[in-house]
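Everything on this sheet refers to the single structure shown next.
The figures that follow rest on heavy atoms only: side chains count, while hydrogens, waters and symmetry mates do not. If you read the sequence from its start, that first residue is 1, and numbering goes on from there. Note that ligands are numbered from 1 as they come in the structure, with each ligand's atoms numbered from 1 the same way.
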Amino acid sequence: MDIPTGTLTKYRMFIGGEWVDAASKEHFESDNPFTGKPWALIPKGGAQDADRAVRAAHKAFTSGEWPKLNASKRGALLRKLGDLIADKAKFLAEIEVRDNGKLYAEMSAQTAYMAQWYYYYGGLADKIEGHVIPTDKPDMLNYTRYEPLGVVAAITPWNSPLLLTAWKLAPALAAGNTVVLKPSEFTSASVLEFMKLIEQAGFPPGVVNVVTGFGPDVGTPLVEHPLVAKVAFTGSDRTGTLIYQTAAKGLKRVSMELGGKSPNIVFDDAHMENAIKGVVSGIFAATGQTCIAGSRLLVQRSIHDVFVEKLVAFAKTAKMGNPMSLETQVGPVTNPPQFKKILDYIDIARGEGAKPVLGGGRAARPECGDGWFVEPTIFTGVKNSMRIAQEEVFGPVLAVIPFKDEEDAIAIGNDVVYGLAAGVWTQSMRRSIMMAERLQAGTVWVNTYRAVSYLSPFGGYKRSGLGRESGQEMIKDYMQVKSVWISTATEVPNPFILR
Ligand code: NAI
Ligand code: MG
């Protein structure tokens, strides 16, 4: 499927079990963020391709082998897929790094860990049980069944392409749905490579399909398609809002994992070295390109100056450069629009009167070559009302905001439209429990940051999203419940009365 043309690898989409070009026959280039140069050609899909993929998925949902498979057999397929992923994790990580510029160290850990979602939901597939209802009606059996929804459209961003796909695909398939994936136009290659494993695992044709291209060209027709039952989305809140509106017209279900402006809150009783590591991991890991970035550092006033001084000294040592090198700690930004956006926010923060105490622009280090690198940047003197404290930058830019006491920390922490995550650094148990209760966020970490698992629900409060991913409960978001009534009466009573 990947035919080298010159130096560029040319990809095809995967629809109905076949490798196909876009109806337009056109391709677009995908860049390597480290070299700043294109390395792959991706099919430029449009409405016709979206329609073809949804029809293939709908056919696979309603006929052929898939609907006949029982839940245990679906689970076995998912576990087989997990094994294939574990086997190919390094290769998949290399593709991710080439396309999105994140560190090989991070991406190889992610692709290896990703197998767990397929194992977990594979195991869960045959444990979703309906109930026999203790009915109040005489001579009646009433029970419930959990059934799949139909065709799920999964639309994903560029920061963790395969992992965020797994969060949607594994539960969707375990529940018995069929899926059309639409990866980000900046990072489509890894999901296309991953389809080879879907083939090898033996999923019937059409159960998993991929269309590639730009949001408005192929994403919108996918969301609008009458045969799509649910849209599972991760990305910006702007695009999420658009998709929600479009999906509403067709009364489709949605799940949304959107952005964040998460507070990482350091109290004066915190273990300082640990807190510094946690703050750095929250904002400079993955070059700040994560929805859970701890992009607001709230520091108790009494330790503000000494904490910032130590933080800057540590962050300064971060090694930048080739993301494939295991030495590198901060890699490039994934794409030019994002690169520009981050630099613009640095200017905005300066304009608002925030003071850069580290970085503050493009990284022009020799080891960064022509790549899209931004210096790890820390601003002090930030007020929570500033744009740099309210808007998602999605880059290595930290806004430091001092606070007085617990009430102040809670008020500032919650004073944003988002609510994806929050970090708390303290040695007090009382404070840990109280803060975990009062912070409005889908995830609260105490004395740690960036922990996620297939076992634990993940998602946002407020504008950070709708619904959850991972964990047991959310599989029902990919299902619908049916109530079945069976009369055991020998005679149907008065037909003019509600039973
Ligand atoms: P985006 O939210 O626009 O794109 C995410 C996905 O949605 C991509 O696959 C895109 O093609 C698709 N899409 C775009 N418009 C669409 C439409 N009208 N209908 C259907 N699908 C559509 O994110 P983008 O442009 O890649 O990044 C912009 C900003 O989003 C970033 O600067 C960052 O702030 C935020 N972001 C947040 C992420 C998160 O994990 N919460 C991940 C990536 C970006
Ligand atoms: Mg790319």
Side-chain angles (χ1 to χ4, degrees), residues 8-9 11 28-42 44-45 47 50 95-102 153-161 163-165 167 180-191 210-225 228 231-247 254 256-262 286-293 295 323 332-342 344-345 371-372 391-395 397 418 420-421 442 452 458-460 463-465 469:
L8 300 187
T9 305
Y11 281 95
F28 61 96
E29 290 176 344
S30 192
D31 300 328
N32 176 336
F34 177 56
T35 61
K37 295 194 172 63
W39 74 278
L41 289 171
I42 306 295
K44 192 167 177 295
I95 302 281
E96 295 276 51
V97 175
R98 201 173 302 157
D99 221 7
N100 81 354
K102 278 169 81 175
I155 301 177
T156 46
W158 39 260
N159 50 337
S160 294
L163 185 71
L164 297 173
T165 299
W167 291 11
V180 179
L181 302 170
K182 158 45 192 115
S184 165
E185 54 273 33
F186 298 111
T187 56
S188 302
S190 60
V191 172
V210 182
V211 290
T212 54
F214 296 85
D217 297 349
V218 71
T220 303
L222 198 55
V223 176
E224 282 172 345
H225 202 292
V228 167
V231 184
F233 174 77
T234 301
S236 64
D237 64 326
R238 193 189 56 82
T239 300
T241 307
L242 264 175
I243 289 177
Y244 196 11
Q245 284 170 347
T246 308
V254 295
M256 301 266 158
E257 299 290 355
L258 308 176
K261 196 73 196 180
S262 301
T287 317
Q289 302 173 109
T290 75
C291 46
I292 50 177
S295 49
V333 169
T334 297
N335 55 69
Q338 188 59 31
F339 181 62
K340 181 177 181 304
K341 178 178 166 182
I342 297 169
D344 286 350
Y345 267 108
W372 307 313
E391 298 173 21
E392 185 176 52
V393 177
F394 224 68
V397 182
Y418 296 109
L420 193 60
V452 292
F458 177 88
R463 279 192 76 86
S464 289
E469 295 190 302

Task: Heavy-atom side-chain proximity of P183 to T165 below 4.5 angstrom - done: no

Open item on the list: Please enumerate all residues that pass side chain to side chain donor-acceptor pair (under 3.5 Å) together with D237, with sequence neighbours excluded.
Closed with: Y418, R463

- [ ] Name all residues meeting the ring pair (Phe, Tyr, Trp, His ring centres under 6.0 Å) criterion together with F458; count only those two or more places apart in sequence or in a different chain, and write none if there are none.
- [x] W167

Task: Protein N, O or S within less than 2.8 Å of the Mg ion (ligand 2), waters excluded - done: D31 O, D99 O, D99 OD1, F186 O

Open item on the list: Ignoring hydrogens, what is the shortest heavy-atom contact between G260 and S464? Give both atom names and the distance.
Closed with: CA-OG, 4.1 Å

Open item on the list: Can you list every protein residue that has a heavy atom under 4.0 Å from any atom of ligand 1, sorted by chain and residue number?
Closed with: I155, T156, P157, W158, N159, K182, P183, S184, E185, G215, G219, T220, F233, T234, G235, S236, T239, I243, L258, G259, C291, Q338, K341, E392, F394

- [ ] Determine yes or no for a side-chain-to-main-chain donor-acceptor pair under 3.5 angstrom, with T287 supplying the side chain and Q289 the backbone.
- [x] no

Task: Non-hydrogen side-chain atoms of V228 and V180 separated by less than 4.5 Å - done: no

Task: Other residues, nucleotides, ligands: >12 heavy atoms within 6.0 Å of Y244 OH - done: no

Task: No-hydrogen, no-angle side-chain donor-acceptor test under 3.5 Å, W39 and D99 - done: yes

Open item on the list: Could you check whether any side-chain N or O of D31 sits under 3.5 Å from a backbone N or O of G36, counting only pairs where one atom can act as donor and the other as acceptor?
Closed with: no

